[in-house]
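Labels below follow one simple rule: chain letters A, B, ... track the order of the sequence lines, proteins then strands, and each chain is numbered from 1.
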2 protein chains.
Amino acid sequence: MESAESPSKRAPAAGRGNRMRAAVLEATLAELTESGYAALTVEGVARRAGVHKTTIYRNWKDSDGLVADALAGHFATDIPIPDTGAVEDDLRALARSLVAAMTTRAGRALLTTVLSDAARLPRFAEVKHALFEDRFRRAEPVVTRAVERGELPADTDPAELLKALAAPIYFRLVFTGEPVDEATADRAARIALAAAHAGALPAT
Amino acid sequence: MESAESPSKRAPAAGRGNRMRAAVLEATLAELTESGYAALTVEGVARRAGVHKTTIYRNWKDSDGLVADALAGHFATDIPIPDTGAVEDDLRALARSLVAAMTTRAGRALLTTVLSDAARLPRFAEVKHALFEDRFRRAEPVVTRAVERGELPADTDPAELLKALAAPIYFRLVFTGEPVDEATADRAARIALAAAHAGALPAT
DNA sequence: CCATCAACGCAACTAGGAGTTGCAATGGAG
DNA sequence: CTCCATTGCAACTCCTAGTTGCGTTGATGG
């Protein structure tokens with residue numbers, strides 16, 4: 001998404017903008033974590049970043065673009081895809097990775113932000129999509145391998161199984177507010193596996 | 001939660017305040033549905049309700065109290081508890097009721113509001129609790145009856161089963177944005193049932 | 001090493017919502 | 001029909017969004 005170079009002109013000062021950008025995005029995440037999306041102010045971010053608000057407005061279209069950038073950066077780290085040779089272990093590993101990523105203070109707050117009504121903005125929808133669709137697609141081999149090994153019914157839908165795995169974890173995180181730990185992850189794996197074995201997750 | 005009567009004074013004009021209150025709460029829901037929580041303004045609500053903003057400030061502590069009241073009112077309608085004699089039918093009925101309640105435009109928008117960072121305020125936490133804990137508790141007989149009939153393992157945790165039922169539905173609603181219909185409800189019932197039969201939902 | 005110019009700092013705006021206050025208008029209970 | 005609680009209204013203060021013009025700075029090419 002970076003703009004093309006204009007070779008006739010002098011190169012724009014390289015490190016300065018990047019430092020500023022990093023400071024602002026970090027400050028945005030911190031503000032979101034502490035106060036939430038509805039309470040976010042550009043001036044607050046500017047103060048925390050040690051930057052003037054005009055600088056922010058010159059680099060981001062509006063505060064939503066800023067938040068979207070910050071979230072995209074934070075959730076850019078991919079979850080490792082396990083391959084132990086046993087579905088149950090793989091699913092448990094996936095679930096535990098998810099739990100670990102979402103139980104940090106920042107993870108919770110930023111998840112909340114992604115789910116807030118900001119989600120009606122296209123930029124946020126993209127971040128959300130990357131978080132819940134693309135990530136899941138990357139993990140699908142875990143299921144297809146298990147099917148090939150004969151551990152799961154042949155018509156098991158990989159995406160559906162992964163959603164059945166993630167749903168109980170996100171549900172506790174976001175809705176009931178109950179503690180979420182490795183036991184939660186293991187239980188989610190057990191539920192998803194039971195559903196798959198029972199043939200409750202057929203490809204449509 | 002109504003204030004105690006003061007018998008020595010004249011009775012406060014009865015119908016007026018109630019009409020105003022209803023108009024304001026309805027306007028609040030409409031604004032939330034259209035624009036979301038972050039974009040909500042007291043003046044906007046006042047305009048839509050045909051009321052002056054001072055009136056709102058005199059009747060509600062702040063805009064959060066207003067939103068909390070509106071949400072509590074909207075979600076006050078309870079879901080009917082089925083008792084068909086067969087767990088599978090009961091669970092399907094519960095799931096379908098949930099889907100019906102949450103797939104209206106207002107239902108989606110208000111669910112989003114409950115999940116927004118407004119949730120860090122105590123008033124919203126109460127609404128959320130009523131929505132996700134109390135409701136579930138009311139539905140627990142569906143599970144206990146099934147256990148008594150021998151349809152489910154004796155150590156099945158009612159709350160866990162109901163959460164396993166609701167989780168996939170909410171997950172699609174809130175996270176992936178996929179369409180949610182009766183087929184989704186039926187699949188959720190199948191997943192929850194498979195997990196229960198497999199003994200994956202034991203009481204802790 | 002240093003001049004240059006893009007990017008940043010800064011002040012001063014406009015616009016609008018949050019939340020408050022004093023007073024006038026009104027409508028419902030008695 | 002009267003009275004007074006409640007609402008309408010205007011005029012505030014304070015804060016943030018977002019913009020503009022100009023002065024300042026610092027990284028880079030020469």
Side-chain angles (χ1 to χ4, degrees), chain A residues 2-28 31-32 34-70 117-118 121 123, chain B residues 2-28 31-32 34-70 117-118 121 123:
Chain A
E2 294 302 306
S3 60
E5 307 299 318
S6 48
S8 58
K9 289 288 183 180
R10 175 182 290 256
R16 199 146 69 116
N18 290 339
R19 270 201 303 281
M20 178 277 294
R21 198 178 162 81
V24 169
L25 290 179
E26 191 189 325
T28 303
E31 291 277 310
L32 284 175
E34 283 182 15
S35 315
Y37 171 73
L40 189 87
T41 70
V42 175
E43 294 195 331
V45 172
R47 271 195 298 272
R48 186 189 283 258
V51 153
H52 240 82
K53 69 168 179 172
T54 29
T55 301
I56 295 181
Y57 281 114
R58 280 194 274 250
N59 283 278
W60 285 272
K61 192 172 168 292
D62 50 27
S63 67
D64 294 320
L66 175 63
V67 173
D69 264 21
D117 44 23
L121 301 169
R123 287 291 319 263
Chain B
E2 294 301 304
S3 61
E5 306 300 317
S6 48
S8 58
K9 289 286 183 182
R10 175 183 289 258
R16 199 145 69 115
N18 290 337
R19 270 201 304 279
M20 178 278 295
R21 198 179 163 82
V24 169
L25 291 178
E26 191 190 324
T28 303
E31 291 276 309
L32 284 175
E34 283 182 17
S35 315
Y37 172 73
L40 190 88
T41 70
V42 175
E43 295 196 333
V45 172
R47 271 195 296 273
R48 186 188 282 258
V51 152
H52 234 81
K53 68 168 179 174
T54 29
T55 301
I56 294 182
Y57 281 114
R58 281 195 273 251
N59 283 279
W60 286 273
K61 194 171 165 289
D62 50 27
S63 66
D64 294 320
L66 176 62
V67 174
D69 263 21
D117 44 24
L121 302 169
R123 285 294 316 266

[N] [atom2] sits how many Å from [X] [atom1], rounded?
{"X": "A:Glu31", "N": "D:dA17", "atom1": "CD", "atom2": "P", "answer": "11 Å"}
{"X": "B:Tyr57", "N": "D:dA10", "atom1": "OH", "atom2": "P", "answer": "18 Å"}
{"X": "B:Arg58", "N": "D:dG8", "atom1": "CZ", "atom2": "C1'", "answer": "8 Å"}
{"X": "A:Met20", "N": "D:dA27", "atom1": "CE", "atom2": "P", "answer": "14 Å"}
{"X": "A:Ile56", "N": "D:dT19", "atom1": "CD1", "atom2": "C1'", "answer": "15 Å"}
{"X": "A:Trp60", "N": "D:dG18", "atom1": "CH2", "atom2": "P", "answer": "14 Å"}
{"X": "A:Asp64", "N": "D:dG18", "atom1": "CG", "atom2": "P", "answer": "8 Å"}

Indicate, with a heavy-atom threshold strictly under 4.0 Å, whether B:Asn59 touches base, sugar-phosphate, or nothing. sugar-phosphate

Nearest-nucleotide check on DNA chain C, A:His52 vs B:Lys61; residue mapping nearer the 5' end is A:His52

OG1 (B:Thr41) and CZ (B:Arg47) are apart, to the nearest 0.5 Å, by 5.5 Å

CD (A:Glu34) and CG (A:Leu40) are apart, to the nearest 0.5 Å, by 11.0 Å

ask   = Is A:Trp60 close to A:Val24 at the side-chain level, that is, under 4.5 Å between some pair of heavy atoms?
value = yes

query = A:Asp64 versus A:Tyr37: any side-chain heavy-atom pair under 4.5 Å?
reply = yes

Which of D:dA27, C:dA18, D:dG18 is nearest the side chain of A:Arg19? It is D:dA27

Is there a donor and acceptor pair, one atom on the side chain of B:Lys53 and one on the base of C:dG19, closer than 3.5 Å? yes

Respond yes when some side-chain nitrogen or oxygen of A:Thr54 is under 4.0 Å from OP1 or OP2 of D:dT20, and no when none is. no

Between B:Arg47 and D:dG8, is there a contact of a side-chain N or O with OP1 or OP2 at under 4.0 Å? no

